[in-house]
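Since the structure comes first, as structure tokens, the remarks are kept for the end.
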Amino acid sequence: MDADFPELSPNVYRDTWCGQVLGDRVDKAVRVSGWVHRRRDHGGLIFIDLRDRTGVVQLVFNPDEAGGSFELGHRLRSEFVVSVVGRVLTREPETVNPDLPTGQFEIHVTGAEVLAESDTPPFAIEGFNAEVGEEARLRHRYLDLRREPMQRAIELRHRLTTSMRRFLDAEGFLEIETPILTRSTPEGARDFLVPSRQHRGSFYALPQSPQLFKQMLMVSGFERYFQVARCFRDEDLRADRQPDFTQLDIEMSFVDSEDIITLNERLMAHLLGEMGIDVQIPFPRMGYDEAIQRFGSDKPDTRYGFEITDLTEILRGTEFKAFGGVIESGGAVRGINFGRRELSRAQLDGLIDDAKELGAKGLVWAFREGDGWRAPIAKFLSAEELSGLNTAMDAEEGDLMLVAADQPAKVAAILGGLRTRLAERWGLIPEGENQLTWIVDWPMFEFNADEDRWDALHHPFTAPSGEFDPADPGSARAQAYDLVWNGVELGGGSIRINSPELQSQVFTALGISLEEAADRFGFLLEALRYGAPPHGGIAFGVDRFAALLAGVDSIRDVIAFPKTASGGDPLTGAPAPVDDVQMRDVGIALRKPAKPGSA
RNA sequence: GGGGGUGUAGCUCAGUUGGUUAGAGCGCUGGCCUGUCACGCCAGAGGCCGCGGGUUCGAGUCCCGUCACUCCCGCCA
């Protein structure tokens, strides 16, 4: 494992790491302890691969050398914990194992002791049958974590957070803890609630992020704060979402966006550099509107093309109702040229299903053929329209074009989603390339049609750019920035509002009355009255960051004890009912009987 | 909340149109084996086919429901 693992101070269990049984130990007596990784029992000669955190070393039990320990060697089974003494010898050339760092050496056991026996593990810790279902892995997570990939992932995560702390410490940041039991602020995600025993009927909430605390720390004059902070959101899970997750949370005073962006570029270059990834700073920046236009996403993966082309003007007034109707009602028609591809009819139908899954009413596919299209809808389009479309999408003979029509935001989301799916499916994403991009110039608000109100795109404490007109929230821009790495949102932040008046105006624009604002966030508004410096910050998703660095698809693979997609933990059985006494203590009664399955 | 996928031995999986006693590899147990390292050879144990109901002479297989896991949409300021 780690080549520069620290020297071991000898104790009763060992004086040498398994991974350190190398040339300088030859002919020396050593004591090692660890787990039985694999046993090869030849009857008259027994080989044991012994494993500790640093690696694996071969033990040889020979009746001529091992004496009474030979019998014990016979009894050893997978994952027994043993301590052995023996002499390190160089292996005969023909018995060297080139796949093992310690493969030129072995320990000839002269004495051995079983420190702990083990039941037969439910799945293999090592070896070629390494594919194990995730549920089994989570039920016995302590065993799963013994496995090499998990050991490496957890170690990588440690190196990442350590590296964050080192960099930020050197830049004058203080790591300050903020409460886990705090107050519900019913914006944003659903809160996890904790009933209060001492204040019956009242609840703590677990923080969705330390946002308000870090702003108050700026009011307190700490100027540079960070925290590797646990955050909690009671929403449905995904491969990249857990109900409790970790953020690197940063806040600074007397800064503008530029200061935060440049500091974080240096932070990223430092972190990635330590992980062996070289990146150029400064990172390119892209406006939010441009990202949506060209890539259909606020976290565009710029490692590959297939950008989105707007076709609305070409098709304005077209005979084809599905397009013309949408355009008349203020919608847009956009398309992507996916290049020359052979697809079966079933595959093309599959693309339509993909589009529908992404919320499309339909999807038009077409191949360029001569000056026109080979497509089910080709006959509804005029020759001028077809050639205009081919030109706009830069289509060459045989190129596959996918076209969708809907309201602009929706068509962008559909084609953006399709673009990533197809790039993944056809293996069109360049490996080993790293694109870090700032998305800047965000709108302050987006209109929520269902609730007939404006919602903050970032959060309600984000400072607007320039003059703010509460009467026209749609045109307000935010001093916000997201950092996107290869199509994954690594983190985002903003300059915050440091004036209570402006903060109140933003609440008003969001339809939050002053009474409501005072009730929910009064403590922050009050803090802002006592000399709040200009301040801003950013937060990064540590789990996602670690998963990307580890090259795994799910953040569960970089979390020691993660939860399943339904928010449960097969290891502890959480969540679980509690007994009546506990319920009574906190003054809680269930409205309905507990769900039968959940116990 | 909605959609897709999966559920058979400890693990990973196969199981034909519904047909007699449900299989494989690995692991496990016992025996043999002094240079293996995915050790080898021989023998053996191991099954609520997720659960409940239905159709049928007969269900791992078909139907309905349900639970769990997983991916996606909604949701995640």
Side-chain angles (χ1 to χ4, degrees), chain A residues 37-49 56-66 70 77-78 91-100 102-103 106 108 119-140 143 185-191 208-209 211 231-243 245 350 353-360 413-414 417 420-421 444-446 448 450 453-462 478 480 489 492 494 506 510 512 541 553-554 556 563-566 568 570 595-599:
Chain A
H37 195 54
R38 192 177 266 283
R39 178 179 64 115
R40 292 176 295 280
D41 187 343
H42 291 228
L45 194 64
I46 303 164
F47 299 97
I48 300 281
D49 291 338
V56 168
V57 66
Q58 174 163 280
L59 310 179
V60 183
F61 288 76
N62 184 322
D64 304 332
E65 306 163 333
F70 185 78
R77 293 293 182 271
S78 283
R91 299 200 202 177
E92 296 299 320
E94 64 273 17
T95 66
V96 162
N97 182 350
D99 299 330
L100 222 53
T102 61
E106 60 194 11
H108 287 247
D119 289 354
T120 301
F123 50 81
I125 306 303
E126 49 70 52
F128 284 66
N129 281 15
E131 299 266 318
V132 183
E134 201 165 359
E135 204 183 350
R137 290 174 52 198
L138 291 182
R139 194 162 52 243
H140 302 278
L143 295 179
T185 51
E187 297 296 304
R190 201 175 292 111
D191 283 321
Q208 296 177 25
S209 82
Q211 180 62 33
C231 305
F232 306 87
R233 292 178 191 174
D234 187 7
E235 298 291 350
D236 286 348
L237 283 70
R238 289 283 192 287
D240 63 351
R241 271 173 20 200
Q242 285 272 304
F245 62 100
D353 292 339
D354 276 301
K356 285 185 175 159
E357 208 177 303
L358 292 162
I414 291 159
T420 14
R421 284 188 188 202
M444 279 285 279
F445 308 103
E446 79 188 328
N448 180 338
D450 294 341
R453 60 155 197 246
W454 292 91
D455 284 345
L457 203 64
H458 198 63
H459 59 55
F461 318 107
T462 299
E489 181 196 331
S494 63
V506 169
L510 288 167
I512 300 170
D553 291 331
S554 165
R556 292 188 296 272
K563 287 165 188 67
T564 67
S566 61
K595 209 173 143 193
S598 68

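Computed from a predicted structure; not experimentally measured.
Ring to ring, A/His42 and A/Phe47 are close: their centroids are under 6.0 angstrom apart.
Summarising the local packing, CG of A/Asp64 is surrounded by more than 12 heavy atoms from other residues, nucleotides or ligands at distances under 6.0 Å.
Contact annotation: A/Thr564 reaches the phosphate of B/C69 (side-chain N/O to OP1 or OP2, under 4.0 Å). Within the 4.0 Å cut-off from OP1 or OP2 of B/C26, not a single side-chain nitrogen or oxygen of A/Arg38 is found. Distances shorter than 4.0 Å separate none of the side-chain N or O atoms of A/Arg421 from OP1 or OP2 on B/C72. For A/Ser566 and B/C69, the shortest distance from a side-chain N or O to OP1 or OP2 is below 4.0 Å. Taking side-chain N and O atoms only, A/Arg40 has no distance below 4.0 Å to OP1 or OP2 of B/U36. Side-chain nitrogen and oxygen atoms of A/Arg238 include at least one within less than 4.0 Å of the OP1 or OP2 phosphate oxygen of B/C73. The shortest distance between the side-chain N/O atoms of A/Arg77 and the OP1/OP2 oxygens of B/U29 is below 4.0 Å.
Of the residues near RNA chain B, A/Gly43 and A/Glu357, the one whose nearest nucleotide (by heavy atom distance) lies more toward the 5' end is A/Gly43. Closest-nucleotide positions on RNA chain B for A/Gly133 and A/Asn62 were compared, and the one nearer the 5' end corresponds to A/Gly133.
No donor-acceptor contact under 3.5 Å links the side chain of A/Arg139 to the base of B/C69. At a cut-off of 3.5 angstrom, counting only N and O atoms as typed in the model, there is no donor on one side facing an acceptor on the other between the side-chain of A/Glu135 and the base of B/U70. For A/Arg233 against B/C76, no side-chain N or O and base N or O form a donor-acceptor pair under 3.5 Å.
Of the C1' atoms belonging to B/A59 and B/A22, the separation is 13 Å, rounded to the nearest Å. Distance noted for atom C1' between B/G60 and B/U8: 7 Å (whole Å). To the nearest whole angstrom, the two P atoms, one in B/C64 and one in B/G4, are 12 Å apart. Of the C1' atoms belonging to B/G50 and B/A9, the separation is 15 Å, rounded to the nearest Å. Between B/A43 and B/G7, the distance separating the two P atoms is 32 Å to the nearest Å. Nucleotides B/A45 and B/U29, compared at atom P, are 16 Å apart to the nearest Å. Between B/A14 and B/G5, the distance separating the two P atoms is 15 Å to the nearest Å. A gap of 30 Å separates the C1' atoms of B/U61 and B/G44, to the nearest Å.
In summary, the side chains of A/His108 and A/Glu65 do present a donor paired with an acceptor at a separation below 3.5 Å, with no hydrogens or angles considered.
By the 5.5 angstrom centroid cut-off and the 30-degree plane limit, A/Phe123 is classified as not stacked against the base of B/C11. The aromatic ring of A/His42 sits over the base of B/C39, with ring centres less than 5.5 Å apart and planes inclined by under 30°.
At a threshold of 4.0 angstrom between heavy atoms, the contacts of A/Pro460 include nucleobase atoms, whether or not backbone atoms are also involved. Looking at heavy-atom distances under 4.0 Å, A/Glu106 makes contact with a base. Note on A/Ala136: nothing from the nucleic acid sits closer than 4.0 angstrom, heavy atoms only. Residue A/Glu134 is in sugar-phosphate contact alone, with no base atom involved, counting any heavy-atom pair closer than 4.0 Å across all strands shown. In this structure, A/Leu457 reaches the sugar-phosphate backbone alone: every heavy-atom distance under 4.0 Å involves primed, P, OP1 or OP2 atoms, never a base. In this structure, A/Asp353 reaches neither bases nor backbone, as no heavy-atom distance under 4.0 Å exists between it and the strands shown.
Taking atom CZ of residue A/Phe47 and atom C1' of nucleotide B/U34, one finds them 8 Å apart after rounding to whole Å. One atom, CD1 of A/Ile48, and another, P of B/U36, lie 16 Å apart when rounded to the nearest Å.
Between A/Arg91 and A/Gln58, the closest side-chain pair of non-hydrogen atoms falls below 4.5 Å.
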In sequence, state the C-alpha distance, the side-chain angles, and the governing distance for A/Ser494 and A/His459, and then conclude on side-chain contact (heavy atoms from CB on, under 4.5 Å). CA-CA 9 Å; A/Ser494 63; A/His459 59 55; 4.1 Å; yes

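Partner of A/Asp49 under the salt bridge (charged side-chain N to carboxylate O under 4.0 Å, His left out) criterion, out of A/Arg39, A/Arg38, A/Arg40: A/Arg40 alone.
Salt-bridge check for A/Asp240 with A/Arg238: failed, with every basic side-chain N at 4.0 Å or more from each acidic carboxylate O.
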